Participant: 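Below you'll find the structure I mean.
None of these values were measured; they are calculated from a predicted model. Every chain is numbered from 1, with letters handed out A, B, ... down the list of sequences.
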Protein chains: 2
Amino acid sequence: MKNDRLGQMTPRPRYLQLAEDLIGEIRDGRLSVGQTLPGEFELCESYGVSRHTVREALRRLEELGLITRQRGVGTVVTASDSRESYVQKVRSPAQLMQYPPESRLMVISSGEVVADRVTARLLGCTSRTRWYRIRAIRQLRPGGAAIAWSDIYVLPEYADIVAAVGRQSTPIYELLEQRFDERVATVQVDLFAGLITADRAELLGVAAGTPSLSVVRRYTGRNKRVFEVSVSEHPAGRYTYSLELHRGWSSGEGWAAG
Amino acid sequence: MKNDRLGQMTPRPRYLQLAEDLIGEIRDGRLSVGQTLPGEFELCESYGVSRHTVREALRRLEELGLITRQRGVGTVVTASDSRESYVQKVRSPAQLMQYPPESRLMVISSGEVVADRVTARLLGCTSRTRWYRIRAIRQLRPGGAAIAWSDIYVLPEYADIVAAVGRQSTPIYELLEQRFDERVATVQVDLFAGLITADRAELLGVAAGTPSLSVVRRYTGRNKRVFEVSVSEHPAGRYTYSLELHRGWSSGEGWAAG
DNA sequence: AGTGGTCAAATGTACGGACAAATGCTAAGT
DNA sequence: ACTTAGCATTTGTCCGTACATTTGACCACT
């Protein structure tokens with residue numbers, strides 16, 4: 001199984017291809033949980049890449065929580081990722097603010113709206129506030145199952161940002177930071193139970209009334225003005241938000257993510 | 001090897017020393033938010049290390065959310081640490097519990113169980129593992145509406161803990177730490193969508209099939225052994241899990257969860 | 001004045017090599 | 001039988017080099 005499909009044709013970095021290959025093997029069960037992976041040098045040989053590339057790929061799998069590595073022992077599979085559901089792991093402070101990386105947004109519609117009472121309550125703003133709303137679905141692969149319906153509200157003066165959405169996997173708040181000189185000061189993340197309404201069910205490919213995980217992220221700028229709020233609905237079974245906290249042992253007290 | 005600034009004596013890896021150096025400079029304000037860091041090659045020169053080491057250090061800062069890097073542009077400071085204030089504010093996972101202090105657990109039943117395949121998957125253990133399970137509901141006031149159904153799994157040898165549950169509002173993991181000399185090393189919190197099954201609906205006072213927020217907390221001890229897992233179901237509308245993160249500027253710096 | 005091309009600078013990817021440190025096993029020694 | 005020393009294996013750290021890709025700025029040309 002030498003896998004020559006790490007060809008040159010794609011512009012995709014080799015370490016990413018290798019990582020996806022390995023993830024696929026774990027998902028398919030060719031590499032099962034508890035099993036020890038081939039050593040790094042062995043992987044170099046069988047995939048025809050340098051050790052640097054192998055280690056970069058393994059680092060990725062480690063960040064995803066799929067493997068653990070131990071010096072002198074080896075690399076062991078610790079979790080299997082199921083194909084249709086996505087687990088967002090938060091293991092470092094930087095990941096707390098983000099949407100799932102390497103997933104793509106597909107814009108469905110966009111336009112200016114005025115917040116009614118229900119929406120205002122959801123967004124944490126006053127009624128009749130004007131927002132520019134971008135409706136979109138988020139999927140892991142183009143054409144794959146959607147893992148979320150997202151309504152992204154940004155200030156009306158930032159409406160132009162919609163042109164850049166979906167083209168890259170860059171988070172919206174980062175685009176706003178770059179293009180409009182915003183600076184994220186605080187992020188508030190709320191998670192609660194909800195359900196998929198009929199108008200969204202079809203695009204998500206689930207039955208209306210399916211339970212969902214609602215995630216609201218509010219991004220506040222330096223002047224304490226909320227400049228972006230995203231409301232995401234994740235159908236049951238397709239998404240898990242996973243937070244991992246470690247007790248700092250060197251500093252004694254305290255907890256930290258990552 | 002020149003290596004003047006980063007001493008050679010310490011067994012600490014150089015990239016970590018460099019990372020801590022840079023974190024210190026950011027915290028002290030010698031590198032302020034918005035400022036562009038010296039290029040990688042420049043850092044190589046001034047610290048007398050290879051580019052690989054520099055990049056390894058920068059990667060660490062990136063994971064902490066302190067910097068963002070962009071090809072063709074450079075590395076920009078996006079936050080002034082950090083860990084100090086973060087660990088200061090999240091002194092215990094009590095904040096992660098997020099239950100009002102006055103809420104109480106009411107034990108419904110308890111006994112030893114053997115994990116079947118579904119349960120094992122949920123708890124993150126192997127099949128046929130033995131657990132002592134405490135079923136309970138959590139309510140804000142005695143006789144008030146329940147905000148959660150909780151299945152709390154502890155190691156069989158800790159079964160006695162059930163006597164103390166519900167008498168105080170102390171979290172279970174804290175009771176275990178006190179009575180059985182456990183020490184929580186890491187906590188993993190998973191959140192996903194679920195629904196209330198018929199057998200639980202009545203006690204919770206909602207209709208069967210009501211959407212719910214499922215929260216699984218896994219407490220791992222020093223020896224990497226999971227000694228408690230709690231599975232909670234929160235009916236829609238009664239509970240919101242909220243995280244707030246601050247990105248330090250001049251006041252209220254650091255990251256905080258709360 | 002605008003447009004487009006070129007170039008330098010910066011990070012990203014990828015190759016190579018070498019040694020260090022941790023682990024588990026085996027064999028020698030008591 | 002037990003302990004200890006040594007060895008092979010595996011991941012971690014670190015160095016060097018080269019080229020790719022992206023970006024922004026400068027400059028020549030229309």
Participant: Between B:Thr78 (side chain only) and B:Leu66 (backbone N and O only), is there a donor and an acceptor less than 3.5 Å apart?
Facilitator: yes
Participant: Salt bridge or not between A:Glu56 and B:Arg55? Use side-chain N to carboxylate O under 4.0 Å.
Facilitator: no
Participant: Please identify the 5'-most and 3'-most nucleotides of DNA chain C with any atom under 4.0 angstrom from a heavy atom of chain B.
Facilitator: C:dA10 to C:dT13
Participant: Please find the pair of heavy atoms, one from A:Arg60 and one from A:Leu16, that lie closest to each other, and give the distance.
Facilitator: NE-CD2, 3.1 Å
Participant: Is B:Arg14 close enough to D:dC15 that one of its side-chain N or O atoms is under 4.0 Å from OP1 or OP2 there?
Facilitator: yes
Participant: I want to confirm an ordering. Mapping A:Val73 and A:His52 to their closest nucleotides on DNA chain C, which one lands closer to the 5' end?
Facilitator: A:His52
Participant: Measure CZ/B:Arg69 against P/D:dT21 and give the value in whole Å, please.
Facilitator: 19 Å
Participant: How close do A:Val49 and A:Leu18 get, counting heavy atoms only, and between which atoms?
Facilitator: CG2-CD2, 4.3 Å
Participant: Looking only at heavy atoms, what is the nearest atom pair of B:Gln17 and B:Arg12, with distance?
Facilitator: NE2-O, 2.7 Å
Participant: Identify the two heavy atoms, one from A:Gln35 and one from A:Leu31, that lie closest to each other, and give their separation to 0.1 Å.
Facilitator: OE1-CA, 3.7 Å
Participant: Over how many whole Å does the gap from A:Arg51 atom CZ to D:dT9 atom P extend?
Facilitator: 15 Å
Participant: Rounded to the Å, how far apart are A:Tyr15 OH and D:dA20 P?
Facilitator: 17 Å
Participant: Could you give the CG-to-P distance, from A:Leu58 to D:dT11, as a whole number of Å?
Facilitator: 8 Å
Participant: Please work out if A:Thr53 contacts a base, only the sugar-phosphate, or nothing of the nucleic acid, heavy-atom cut-off 4.0 Å.
Facilitator: sugar-phosphate
Participant: If you look at every strand shown and take non-hydrogen atoms under 4.0 Å, does A:Glu56 touch a base, only sugar-phosphate, or nothing?
Facilitator: nothing
Participant: What is the distance, to the nearest angstrom, from the CZ atom on A:Arg55 to the C1' atom on D:dC14?
Facilitator: 11 Å
Participant: Between D:dT9 atom C1' and A:Leu43 atom CG, what is the distance in whole Å?
Facilitator: 15 Å
Participant: Let me know the distance between CG of A:Leu61 and P of D:dT11, rounded to the nearest Å.
Facilitator: 13 Å
Participant: What is the separation between atom CZ on B:Arg71 and atom P on D:dC19, rounded to the nearest whole Å?
Facilitator: 17 Å
Participant: Measure up the B:Tyr158 and B:Phe227 rings against each other and bin them: parallel (under 30°), tilted (30 to 60°), perpendicular (over 60°).
Facilitator: perpendicular
